[in-house]
Structures are given as structure tokens and as C-alpha cells.
There are 4 protein chains.
Amino acid sequence: MQRARTPEAKDDRRGVFAGAALDEFYEKGFAAARMEDIARRVGFSKGALYLYFDSKEALFEAVVENFAMPNVARLETVAATAGGVGAVIDAMTTLAPVIIREGRIPKIAKVLIGDAPAFPAVATAYRQKVIDRVLAVITGVLKKAKAASEIDIGEPALAARLIVAPMIFSAVWRIMFEHDDEAHFDLDAFFSQHGIMLKRAFKLEAAA
Amino acid sequence: MQRARTPEAKDDRRGVFAGAALDEFYEKGFAAARMEDIARRVGFSKGALYLYFDSKEALFEAVVENFAMPNVARLETVAATAGGVGAVIDAMTTLAPVIIREGRIPKIAKVLIGDAPAFPAVATAYRQKVIDRVLAVITGVLKKAKAASEIDIGEPALAARLIVAPMIFSAVWRIMFEHDDEAHFDLDAFFSQHGIMLKRAFKLEAAA
Amino acid sequence: MQRARTPEAKDDRRGVFAGAALDEFYEKGFAAARMEDIARRVGFSKGALYLYFDSKEALFEAVVENFAMPNVARLETVAATAGGVGAVIDAMTTLAPVIIREGRIPKIAKVLIGDAPAFPAVATAYRQKVIDRVLAVITGVLKKAKAASEIDIGEPALAARLIVAPMIFSAVWRIMFEHDDEAHFDLDAFFSQHGIMLKRAFKLEAAA
Amino acid sequence: MQRARTPEAKDDRRGVFAGAALDEFYEKGFAAARMEDIARRVGFSKGALYLYFDSKEALFEAVVENFAMPNVARLETVAATAGGVGAVIDAMTTLAPVIIREGRIPKIAKVLIGDAPAFPAVATAYRQKVIDRVLAVITGVLKKAKAASEIDIGEPALAARLIVAPMIFSAVWRIMFEHDDEAHFDLDAFFSQHGIMLKRAFKLEAAA
DNA sequence: CATGAATGAGTCTTCATTCAT
DNA sequence: GATGAATGAAGACTCATTCAT
């Protein structure tokens, strides 16, 4: 195979292996995934994979690390750029089906849900570095709007979770029923309806 | 250990083993769970477990089969007994935190999310026998109310999913952060707020 | 294969495995010896071996533990029973070729010399439990004789080592040249001459 | 790293690698020693090592070849130069502790004892080229002295082995207990006493 | 019925060796 | 000549499954 000689080429290769690992972990779960299959999936030998990761566990951690971050940034940008709560809700409910369909986030979610219990430290790190940040962004927007009396809302931190819940739901749904044709439903319509209901629930309808 | 002689005693024992298996599958995942540990957890030997289940896979199927059903029945009863949509929402948002805290449902969810992808048939069977029925119950109530013009709602089938989403969310949350003290939030308040927002979103407020 | 069900049968089996391990470690060295070969040598599977020893390293320790002790006892008895220094020297130089030819001691010596550097704790334990005791027995006899002015000798502890040296020499020789026909020499004559020279060196000739 | 262009430079480098290999084989044993570690120990890459030796086995043979010879020459010189048996004994018992402490001989001994059984040809070659010559030198001196009735001795070939035995003993001791502080004893006193006892045993005392 | 000893297929990991750069 | 990335054979160890007791 091609040889990665420069540091950049090696970084790229790490990413390639991590991507392959995500797919295998997603399909088989951490314990059932085979290092050899991960390597072969991108045309390398088992041994090459061990040049980049010391162990299967290290690979798992790298996978979570690698693919969670970029998506947080995307959400933060959306929240920061959008005007008010209504705009944020619109942006998020528009972005959500795209992210869900794109595939990586549901895969990470599946891997974390399925295997993180065996790696509590990974789960906690993920919460701190990804989930808390996402929730903080949304909670911040809601708090500001509440202070300005724009919306009628209870505890912003809980509302933030209620906003996010359908994303988790659809990610989980996708994970479980990807190959089950009868199970599919219209993601766009689902999130659009979520947006409408949220705005009503926040009594934002007029503003929307 | 004790011997199970009557057919009833044998059925009981199957249930006991399945319960132990659920716990082990939940904690370690299907692949990493050991048959011996499952048996020992309830005071039996590995060999005894094989008297009741032909293989680890058969045990997995039995676990899903065994513990999903009772909860469907509970929900169906609630939906059937409650008066209108508002009452159903109240009943469900009151029941939800209890079920989440009780533990079995999040455990099954975790096992299914984590391991069902390796058993597509199990996942599909579960959807048909459990999820579809739950969603059907809720969808039915919403449809009737919509027909009676009690509520303002889009597609009832999607709304049903939006009602259920926070349950999945909190089940997943519990799975991932059970041992992460900083992560806990108030489940009762969460579902209470969910109920309030739903009723507003359905323009049911006055009726509630 | 036969099953070891009683604790005694299991102890026996441990010994059987340890014996097989000694042979393999002797022939190939610790690192090159294969667990499967050790097990097969006595008609068992790899897995069975792991029922009795947690790891290759644990097996190594058991081997040293198991086969060193009995021989210490033999020597101690000889030293305790024999009358004076001359008798002890006679007894030891008569016993030595038998022990060397019997095979187990040279094998353990080889295993320890070859592999103990990788297991310093094992080496130290062996010194304390085996070598020090053997040397102490001999040193004790020499000291008593010196105090009684029976022999003319320097430091008894060093003399004890000089008495033992040809045993180590011939063990090492046997290890290295077992299959080298040209290398053989007459062990009995060798130790007999050692005895004669020792008695002269101690000025015990008259007494002998 | 530096490049070796001339044939002499290449021979030097072979020696450098062989020295590193001796150290690694000594510390870890043949099977557990890593080619990369051997190369790195002298600042080269794995690949460079393979430019000089075709395989690990070839390297092993070179190690034995390389470091045994010089010491034989030293001993032969001593034996040839010294006047009579007494002088040879004095010279050898003075030289012995120096050689033992210097380290290379015990290391080779350890490597041979530990790993030669897996390489019978190497062991035999070593005996022929090193051990037999050393023993022959000593045996020759003893024979001459016996013929001249200078000493009272049995079989000279066996006596030669008895002279050498404490050297093997102390080499083995050093190998096994190098890092075991409680185990050290005074090498100079040990060999001095060996010399005294030998001369008495040969009835050379007067002459010494 | 229940037990746990025995089996052997399966997987992680290491490392001698090769070879593109 | 020198390097170190890539390969794949080999071996320790695990555990689902079987079966003698």
C-alpha cells in the first residue's frame, strides 16, 4: 500500500482508520468489531492499524474524539448567527434532518449508547465536550429571550433538552430501523412540525 | 441448586435467567457479556443456563421478547382509560419518569440500540410488536381528537413521535450518564414541562 | 479427556502440567515455549491448561516452586545424617552424578539461568528458598568441623560454594551438550576426583 | 545515521551490532529480544541491521562467534607464558574474577545456556572452538606436570574441568543474582581460596 | 436436573522481515 | 546506504458450547 511519510499524511491516515473504525463499531459494536476488518475496510493490514493506534480501546477513544467536535461547531455557529429564538428554532429544525441523514452523528450516537457504558470516562468526556456545549448554546438563547419576555417558558435548561429530544429520537430510530423499510417516516415533515409546535409552546407564533 | 420440576417452575426460571441476561447485556453489551456471569448472577451454573436456552443468541431474543411486552400493556391501558388528549398527556408525562427511573425500559432500549443492529430480525420484530403498538395507541387518540376538532395538529403519526421523543431522550440520557453525577437533571420537572408545552402546542391549554 | 473432579485430582493435574511446562521451557526457553504445546504434551487442550494456571508467567513460577523443593530436602537429609565432613563430602559426591543424570535439576537450572533474568523476583525467591538453604547446610557442617579443628579451611561460606561449583558445572555441561556425543565425560569419575581433591584440600586425607 | 563505505567500516559496524545484540539477548533472551531494540541501542534503524545480518538467527551466531574467541586467546597466552602448574593456577585464579566482573563472558554464557539448546549447531561449534581449546590448554599443563611428577593428580582432563568449575559457578551466580544485593560475595577471596585449595589438592603447596 | 471440566475457534497484539522512498 | 511504514505469521488468552459425572 501507499506509505504515509509526512506528519500530515500520517494524520490523514489516522482519520481514515478512525472513519473505518466508526463504521465497524457502528455495525458490530465495539466488542464484536475486529481490528483486521477495520484495517481491511480501507485497504490496509491489521499491522498498519497498530502503527497508528496502540490498542482497540485507544482507537475507540479517537473515534469519539474525532467525529463529535465538528458537529458541535456547526450548531454553535447556527445558534450564534441566527437572530432570535424563532430563527434559531427554524435553523435547527432545518439542519436536523440533514445531520441525521448525513449519517455520522447517528453512528456516533449508536456507538456511544451501545458501548460507552463500558467506557464511563469516554462517556463523561463526551458529555462535557459535546453535549454540555450544545445544550449551553440553546439554553443561552432561551434565557436571553426569556429575560426579554419574548417567550413564555419554564426552566430554560429543561426546554433546551426538549428541543433536542426529537433529534435523539430520530437518530435512535435511524440506527435501529435503517434496514427496515416499513419503518421510515418523513424526517423533514417531522422536524418542521417540531418547529411549529415549539413556537406555539413558547407562544412565539406571532413573531414567527 | 434447586431443581425446577414443574412446567411453571421452568417458565419462572427462564424469566429469572432472562432478567439476569438483561442486566449483563446492559452492563457489558451482548458480545462482551459472559454466559457464566449471567448464570452466576442468579446462583446457577453455566450448564443450567444451557438447559433453558440453546444459545446466547436465543437468550438475547428471549430477553427482548420478555421485557418489552408488559410495558406496552401499561401504556395501552393508560390511553384507553384516560378521558381525552389532555388526560392522556397528563397520564403519560406522569408515568414516564416512573418508567425511566424504574430501569427496565432504559436497559432494554440500550440493549436494543447497542446490539440489535447485529440482529436485524430482532429489531424489526420489536418495532412491530412494541413500538408500532405504542405509537398506534397515541396516534389513535390524537386522530380522534383532531376529528372532533379538539386539537390543532398536523400529522398525528408524527405528533405521536414528538410526544414520545423526550422519553427516548431521557432513557438514552440515563443509559449514558447513570454514573455521572454532574449529568443528572430533574425528570419530573422535565416531563411536567413537556406536558405543558404539548398542551400549548396542541392549543389544548384552555381545556387542561 | 479424563476429568479432574476432586481437589486431589486437580492438584495432580497441576503437577502434570507443571512437569510438561518444565520440559518445554527447558527445550525452547520461556518465551519460545507455546502454551498449546505444553498442554498437548500431556494430552490436553490449551484451554484446560488455563483452567489450572492463569497465565504463562504463573505457570513459570509454579514450575520453579514445584520442582526445586524436593531436592533441597534430599540434600538436607544427607547432610544431617552423615557423620563428619568427610562423610558429607562422600555422600554429596556420590549423590551428585545421580541427581545430574536424573535430569530435573539441570532442567530447572537451565530454565532459571536462561529466563530468570526476565523474572528477577522468581530468581530471588529461588535463591532464598533453595540455594541459600543448600549453602547453609554445607556451611554449617564446615563451620562445626573448623571449630573442632578437624579441617584446615578459609571462609566456610566460600568453601561451600567451591564444593557446589562442580555440580553447577556439570549441570550446565549437560544442558549445553546433551546431544553432543563427543562432549560426554564420566560423571562418576569426575565427582569421585572432586571428593578426593576436596579432602586433600581440607587436609582431611587421614580421616577419610 | 553515518554511512559505512569501506569494508573495514562495515566490519566495525557488524561488531557494533553484535555487541548490542549480546546485551539484548542477555537481558531478554533470544526469543524476547527485538531487532528494533538492538538497532536502536546503537542508534540505528531496524533496516540498517538487516543490511548487515540476514536474520535474527544469523545475528545470534555472529554474537557467539565474535565474543568467545578473544577470551580463549587470553587464556592460552596466560597458560603458555606462566612457568609451571602453580603459576598457571595463580594466573588463572587472579584473572578469573576480572573476567567475571568485566561482564562479557557471563553474558555469553547466559546466552548460550539459555538459548543454545534451540541452536544445537551453535552449541557444538562453541564447544569445539572455545571450550575444548581452553580445557586442552589446562589439560596440557597438568599432563606435563604429572609426567614430571610435580603433582599428584587423577585424570588430567577431569581435573581441568574441576579447575574451571568455579568460574562457571560464579558466572552463573552473577547472571542470576546481578540485581540481588543480598546475594553478592567476594569474588577475589573466592578465587584466592580456590587457588589455595587446588594447590593443596595437587600437593603443590610446598612448590607454590 | 445441575455442575463445571474440557475443548477449540476466534481475536487482540507483537514483531521479524520486506521494500518504497 | 539508511529509514521506517507496511505486512502477516504466530502466539497468548477468552469464552461459547459440549458432555462426563
Side-chain angles (χ1 to χ4, degrees), chain A residues 1-6 9-10 13 31-40 43-57 59, chain B residues 1-5 9-10 13 31-40 43-59, chain C residues 1-6 9-10 13 31-40 43-57 59, chain D residues 1-5 9-10 13 31-40 43-59:
Chain A
M1 267 288 133
Q2 340 78 334
R3 295 189 174 198
R5 303 192 62 79
T6 65
K10 292 171 95 171
R13 185 137 308 164
R34 298 175 55 232
M35 291 298 268
E36 167 119 51
D37 290 342
I38 292 169
R40 287 285 169 230
F44 284 89
S45 72
K46 201 172 30 184
L49 179 50
Y50 275 95
L51 292 175
Y52 295 90
F53 299 93
D54 285 343
S55 67
K56 199 180 181 182
E57 203 162 315
L59 180 54
Chain B
M1 271 290 131
Q2 341 76 345
R3 298 193 168 197
R5 294 169 186 284
K10 290 171 117 180
R13 186 145 306 167
R34 300 171 60 233
M35 292 297 267
E36 165 115 50
D37 289 344
I38 292 169
R40 286 283 167 234
F44 283 87
S45 72
K46 209 170 17 175
L49 179 50
Y50 275 90
L51 294 173
Y52 294 90
F53 299 92
D54 285 345
S55 68
K56 199 180 180 183
E57 204 163 313
L59 181 54
Chain C
M1 266 293 131
Q2 341 76 329
R3 296 186 174 201
R5 303 191 61 80
T6 66
K10 291 171 96 172
R13 185 137 309 164
R34 298 174 54 233
M35 292 297 270
E36 166 118 50
D37 289 343
I38 292 169
R40 287 285 168 230
F44 284 88
S45 70
K46 201 175 30 188
L49 180 49
Y50 276 96
L51 292 176
Y52 294 89
F53 299 93
D54 285 344
S55 68
K56 199 180 181 182
E57 203 162 314
L59 180 54
Chain D
M1 271 291 133
Q2 340 76 345
R3 298 192 167 196
R5 294 170 187 284
K10 290 170 119 182
R13 185 144 306 166
R34 299 171 60 235
M35 291 297 267
E36 165 116 50
D37 289 344
I38 292 170
R40 287 283 168 236
F44 283 87
S45 72
K46 207 169 20 174
L49 180 49
Y50 275 91
L51 293 174
Y52 294 90
F53 299 93
D54 285 345
S55 68
K56 199 181 182 182
E57 204 162 312
L59 180 55

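As the structure is a prediction and not an experimental result, all values here were calculated from the model. Letters go in sequence order (proteins before strands), and every chain restarts at 1.
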I'd like the C1' distance from F:dT21 over to E:dC1, given in whole Å. 13 Å
Separation of [N] [atom2] from [X] [atom1] (nearest whole Å):
X	N	atom1	atom2	result
B:E57	F:dT17	CD	C1'	14 Å
A:R3	F:dA5	CZ	C1'	5 Å
B:L59	F:dA16	CG	C1'	12 Å
A:L51	F:dT7	CG	C1'	9 Å
A:F44	F:dA5	CZ	P	12 Å

Among all residues two or more places apart in sequence or in another chain, which pass the ring-ring contact (aromatic ring centres under 6.0 Å, His included) test with A:F53? none
Who passes ring-ring contact (aromatic ring centres under 6.0 Å, His included) against D:Y50, sequence neighbours left out? none
Is there a side-chain polar atom (N or O) of [X] under 4.0 Å from OP1 or OP2 of [N]?
X	N	answer
B:K46	F:dC15	no
C:K56	F:dC13	no
B:Y52	E:dC1	no
D:Y50	E:dC19	no
B:R13	E:dA2	yes

Who are the side chain to side chain donor-acceptor pair (under 3.5 Å) partners of [X], not counting sequence neighbours?
X	value
B:R34	B:D37
A:R40	A:E36
C:E57	none

Nearest-nucleotide pick for C:S55, side chain only, options being F:dT3, F:dC13, F:dA6: F:dC13
Which residue, C:A48 or A:R5, contacts DNA chain E at a nucleotide closer to its 5' end, judged by nearest heavy atom? C:A48
Smallest heavy-atom separation, C:M35 atom then C:L49 atom, equals O-CD2, 3.5 Å
Please report the shortest heavy-atom distance between D:K46 and D:A39, naming the atom on each side. N-CB, 3.8 Å
If the condition is side chain to side chain contact (heavy atoms under 4.5 Å, CB included), which residues does B:A48 pass it with, not counting sequence neighbours? B:F17, B:F44, B:S45
Going by side chain to side chain contact (heavy atoms under 4.5 Å, CB included), name the residues that satisfy it together with C:L51, two or more places apart in sequence or in a different chain. none
How would you label the contact of B:F53 with the nucleic acid (heavy atoms, under 4.0 Å): base, sugar-phosphate, or nothing? nothing
Do side-chain atoms of A:K10 reach the backbone of A:Y52 as a donor and acceptor pair under 3.5 angstrom? no
The residue, B:G47 or A:L49, whose nearest nucleotide of DNA chain F is more 5′ is A:L49
Under the 3.5 Å Watson-Crick or G-U criterion, the dot-bracket string of DNA chain E, with | for inter-strand pairs: .||||||||||||||||||||
Between residues 32-40 of chain A and DNA chain F, which residues have a heavy-atom gap below 4.0 Å? A:R40
